[in-house]
K.L.:
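Below is the structure I would like to discuss, written out as structure tokens.
These values consider heavy atoms only, across backbone and side chains, with no hydrogens, waters or symmetry-generated copies. Reminder, nothing fancy here: chain letters follow the sequence lines and each chain counts from 1.
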Amino acid sequence: MQESPPRQRGTPRAMDAPPPLRYISYMQSGTEARIDALLAGLNEPQRCAVTHTDGPILILAGPGSGKTRVVTHRAAHLALTVARPWQILAITFTNKAAREMRDRIDNLGVGEGMTVSTFHAFCARTLRMYADRAGLQRNFTILDRDDRRKMLKQAIERIDLSTANWTPARAEHLVSHAKNEMCSAADFEARADDWRQQQFAKIYRAYEALQRENNTLDFDDLLMVMADLLRRDEELRAELESRYPYVLIDEYQDTNAAQYAIAELLTHERKNLCATGDPDQSIYGWRGADIGNILRFEEDFPDAAVVFLEQNYRSTRYILEAADALIAGNTNRKHKTLWTDNDQGRKVRVLEFEDGREEADAVAKDINRRIRAGDSPSEIAVLYRINSLSRGVEEALIREGVAYQIARGVEFYNRKEVKDVLAYLRVLVNPADEIALTRIISTPPRGIGATTVERLLQRAGELGITAADFILGEHDVTPLGRSATKVRDFGALLRNLAKALDLTPPEALKHVILHSGLQAMYAAAGEMDNQPLANLDELISAASTFSQERPESTLVDWLEHAALVSDVDSVAGGGGPVTLMTLHAAKGLEFESVYVIALEHGLLPFSREDEEADDEEERRLCFVAMTRAKEHLTLTGARYRMLRGATRRTTRSPFLDELPDSAIESAGRERKRSRRVGTAPTGALPPDIAEWSIGTLVEHPTEGLGQVMSMTRGGKRTLVDVAFKAGSRKTFALEFADLRRVDFDDVG
DNA sequence: AATATTCCCGTTTTT
DNA sequence: CGGGAATATT
């Protein structure tokens, strides 16, 4: 998380009322020159977005349109005119985005004191600060996905439901979904209208109870509880709004109901909400993101300024044309007219192969060829829909001798050794955290097994205390049977480790790693694999960095940081190798050369028999992938694909048929006879007749710009008569014609 | 209580 | 096919 400390020297305390906004808008000398510098080199809509100050504004930013630049310059502009830096709150989804934004604002030299944070980090920090008002204990710990599953499993067992019908994964999905909608267990129970939902309501309720007993929150709780608190506590809501009169939310298309509520509540009076995003890049619907939030913005915030950033600075014309044609197939969107001044470039290649191996070989060879020709490996990426597709490419790259990295393979903080240490710290900070306790009680193995743990938990339950309190409190351990002394020894160990609570995060880590026995355990295994110990060292240095950046931070702060950060900052260098990653992971990145593989029906667009696919989201995903490419874009597929050990015949991705002939060059499988938009096998694309009328401006690949002179609606098709600027006049069947609507949307 | 074995199941995953 | 988790050994 890139947050500023809550208070900066020389600035008012966090909760002091800010000076009246108009009063501080008097500019200091030199400010005008700095504003000019901020605006230099911006295009017209970008400038609009940057100089807008009060009231709601929606910045619809196409891919490669310089959004981050606009957002950072806008924040800087606010700080130079109507606001003080510490009155600005910028919220992102990822830590990476937060860091980037903070760095770039810092470089502009006016960001001192600004709060730049992820949604989750902001909520966690605020909830801890106002724990009493939120009905929480200040030392709550944050559950990750694995922990949450374990706890759900306990919940299911506790209410004696068979886990066969209720897998923790299934329950997790439902709980997460409910929380994203801000639906508590009680709410869910109230509206459960069949037996199955009632069963689930019981699980949810039991899970809530367990969380309370363990003094934990899961990721979704951070948002839901925060939204709920802001709703209930008007005084606090108003306090936060006056603390942060200017709020900026990035990637707004990815907000869920809880995040939407938070955004709305934080800006309830002043409406100083700046939302940036792109509905066409909404790819997290399955995680609860509601694309409707951004599409409804103008209704939710009447009088909102709307700025379209449509000029693309990233990709060649061919790439942009292909991507734009694809996304035009969606109906649930805000129409943008993407354009670029960049060169036409090379056509998008569509290559089809016999099988996955051939495909992977060809991709690897092509990558090798590029690198030999002098291209930088770090500017090359291979993208795929599902992780299991990486294997074939990896093997092919190895055969070719090309170095690669997989983005977000095993996340650092998810490694066993890291979670082990964190579990120790969690128990020290929050003894009620039973998930962490049961993890460390036999890590390293100390002769305490499942049955002993069972008895321990039962005995603690009888006494009405937590298991950790029982162990720490030197209670009578005889009811635990044979392993009683082992438990007593473990209690002594915990008391020794508790010294870590008075140390700085890195020192606490060192203390725990050494005295818990983890050091010895991993050293013994070190003959085979010394990675764990190296990772622990890295963990310590990450904690040191954290401590240096925030000298006043406590162990609780660092644990929170660790829970909300998925990866330590790797040295991002230009000299890195070829990158392999999922389409989702590629969002926000760009590469000179991009290969998107496995464009096959069922894989991209992804679908499963039992679940209905969201083809529009899949199309957005493909759009996101294509628009990562700056110079070269290659789309590949295979006639036969081995998946989960079985080889199957594939069907060409319907998305390929939606790309305009003019922008692609194909090789491989025979093309389908008709590849026109209107007859794409998805059936998703009968042109929206309502969007066409006499006078509509159109573009044709060979004829150029034109205007609809008349329309005739026949039985099955609609004929349009178009007069072209070049002088010609032609009649087309709208369903089959390669006509594109040209729009001139109002800007700002 | 710790280790070997089978068996089961399978998207994407910012936090 | 391959990883994780429930189950069978020692």
Side-chain angles (χ1 to χ4, degrees), chain A residues 1 91-99 117-124 142-146 148-150 153 163-164 167-169 172-173 176 179-180 217-224 226 250-251 253-256 258-259 281-289 356 383-389 391-392 395 407-408 410-411 413-414 416 441-453 482-483 486 560-567 581-589 598 602-611 613-614 617-618 620-622 624-625 642-647:
Chain A
M1 288 136 296
I91 298 184
T92 63
F93 275 79
T94 67
N95 294 293
K96 198 175 147 210
R99 170 167 290 262
S117 172
T118 65
F119 257 110
H120 294 264
F122 175 73
C123 293
I142 298 169
L143 294 185
D144 68 15
R145 246 187 83 203
D146 288 350
R148 176 208 252 180
R149 285 212 178 150
K150 281 183 199 161
K153 199 175 160 210
T163 42
T167 64
E172 181 192 29
H173 181 79
S176 181
K179 287 184 177 177
N180 287 158
L217 294 181
D218 64 32
F219 287 143
D220 297 323
D221 286 323
L222 293 174
L223 305 176
M224 183 179 76
M226 179 79 195
D250 195 23
E251 305 283 18
Q253 77 280 357
D254 290 333
T255 51
N256 62 31
Q259 288 160 325
Q281 296 183 65
S282 164
I283 56 174
Y284 285 102
W286 51 276
R287 287 269 278 98
L383 311 181
Y384 36 80
R385 178 66 233 260
I386 56 175
N387 284 117
S388 59
L389 288 168
R391 182 169 304 273
E395 286 166 358
R408 309 195 187 129
V410 184
E411 285 161 13
Y413 285 92
N414 266 335
K416 183 185 175 302
I441 203 165
S442 57
T443 314
R446 50 173 65 87
I448 302 174
T451 44
T452 311
V453 172
R482 287 252 157 264
S483 306
K486 307 254 173 79
E560 178 174 301
H561 172 81
L564 296 177
V565 166
S566 56
D567 245 321
M581 66 187 132
T582 63
L583 304 180
H584 284 90
K587 193 173 84 165
L589 304 176
L603 270 176
L604 185 57
F606 192 91
S607 62
R608 259 172 29 172
E609 296 85 29
D610 53 326
E611 250 171 290
D614 183 346
E617 180 151 315
E618 295 297 315
R620 292 192 292 267
L621 194 49
C622 191
V624 166
M642 185 161 85
L643 226 48
R644 299 187 202 161
T647 301

K.L.:
With a 4.0 Å cutoff (strictly under), does any side-chain N or O of A:S483 reach OP1 or OP2 of B:dA1?
P.N.:
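True: A:S483 side-chain N/O within range (under 4.0 Å) of B:dA1 OP1/OP2.
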K.L.:
Base, sugar-phosphate alone, or nothing: which one does A:T452 contact when heavy atoms must sit under 4.0 Å apart?
P.N.:
sugar-phosphate
K.L.:
Should A:F93 and A:D250 count as side-chain neighbours, where that means a heavy-atom distance under 4.5 Å?
P.N.:
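No. Closest side-chain heavy atoms not under 4.5 Å.
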K.L.:
Starting the side chain at C-beta, find the nucleotide from B:dT14, B:dA1, B:dT15 nearest to A:N95.
P.N.:
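Side chain of A:N95 sits closest to B:dT15.
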K.L.:
Looking at every strand, decide which applies to A:T451 at a 4.0 Å heavy-atom threshold: base, sugar-phosphate, or nothing.
P.N.:
sugar-phosphate
K.L.:
Starting at CZ of A:F122 and ending at P of B:dT15, how long is that distance when rounded to a whole Å?
P.N.:
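Roughly 18 Å, once rounded to whole Å.
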K.L.:
Between P on B:dT11 and CD1 on A:I386, what's the gap in Å once rounded to a whole number?
P.N.:
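It is 7 Å, rounded to the nearest whole Å.
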K.L.:
Measure the distance from CZ on A:R145 to C1' on B:dT15 and round it to the nearest whole Å.
P.N.:
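Result: 12 Å.
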K.L.:
Once you round it to whole Å, what is the distance between C1' of B:dT14 and NZ of A:K96?
P.N.:
10 Å
K.L.:
Does the side-chain contact (heavy atoms from CB on, under 4.5 Å) test come out yes or no for A:Y384 and A:L583, once each step is laid out?
P.N.:
CA-CA 6 Å; A:Y384 36 80; A:L583 304 180; 5.8 Å; no
K.L.:
Using whole Å, report how far CG of A:N256 lies from C1' of B:dT14.
P.N.:
12 Å
K.L.:
Which whole-number value in Å describes the distance from A:D220 CG to B:dT13 P?
P.N.:
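Answer to the nearest Å: 17 Å.
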K.L.:
Starting the side chain at C-beta, find the nucleotide from B:dA1, B:dA2, B:dT13 nearest to A:T582.
P.N.:
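The nucleotide sitting nearest to the side chain is B:dT13.
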K.L.:
Across the strands shown, which category fits A:D254 at heavy-atom distances under 4.0 angstrom: base, sugar-phosphate, nothing?
P.N.:
base
K.L.:
Taking only N and O in the side chain of A:K153, is any of them less than 4.0 Å away from OP1 or OP2 of C:dA6?
P.N.:
yes
K.L.:
Ignoring the backbone of A:W286, work out which of B:dT15, B:dA2, B:dT13 is nearest its side chain.
P.N.:
B:dT13
K.L.:
Does any part of the side chain of A:H561, heavy atoms only, come nearer than 4.5 Å to the side chain of A:N95, both counted from C-beta?
P.N.:
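The answer is no; the side chains never approach within 4.5 Å.
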K.L.:
Start at the 5' end of DNA chain B and walk down; is the nucleotide closest to A:E617 or to A:A563 reached first?
P.N.:
A:E617
K.L.:
Contact class for A:Y284 vs. all strands (heavy atom < 4.0 Å): base, sugar-phosphate, or nothing?
P.N.:
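The residue A:Y284 makes base contact.
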K.L.:
Nearest of B:dT15, C:dG2, B:dT11 to any side-chain atom of A:F219?
P.N.:
B:dT15
K.L.:
Just to be sure I understand the rule, does A:G645 reach a base, reach only the sugar-phosphate, or reach nothing, if contact means heavy atoms closer than 4.0 Å?
P.N.:
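A:G645: base contact, heavy atoms under 4.0 Å.
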K.L.:
Could you tell me which residues satisfy side chain to side chain donor-acceptor pair (under 3.5 Å) with A:K416, sequence neighbours excluded, listed by chain and number?
P.N.:
A:D420, A:Y522
K.L.:
Quick one: is A:N387 getting a side-chain N or O under 4.0 Å of the B:dT13 phosphate, OP1 or OP2?
P.N.:
yes
K.L.:
Which atoms form the tightest heavy-atom contact between A:I283 and A:R620, and what is the distance?
P.N.:
CG2-C, 4.1 Å
K.L.:
Considering only the P atoms, how many Å lie between C:dG4 and B:dT13, rounded to the nearest integer?
P.N.:
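C:dG4 and B:dT13 have their P atoms separated by 16 Å.
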K.L.:
Describe the nucleic acid contact of A:A450 in one word from base, sugar-phosphate, nothing, applying a heavy-atom distance below 4.0 Å.
P.N.:
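Sugar-phosphate contact only - A:A450 comes under 4.0 Å of backbone atoms but never of a base.
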K.L.:
Quickly work out the A:L389 CG to C:dG2 P distance and round it to whole Å.
P.N.:
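The distance from CG of A:L389 to P of C:dG2 comes to 14 Å, rounded to the nearest Å.
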K.L.:
Nearest whole angstrom, please: distance from the P of B:dG10 to the CZ of A:F606.
P.N.:
11 Å
K.L.:
Check every strand shown and say whether A:G588 touches a base, only sugar-phosphate, or nothing at a heavy-atom separation below 4.0 Å.
P.N.:
nothing
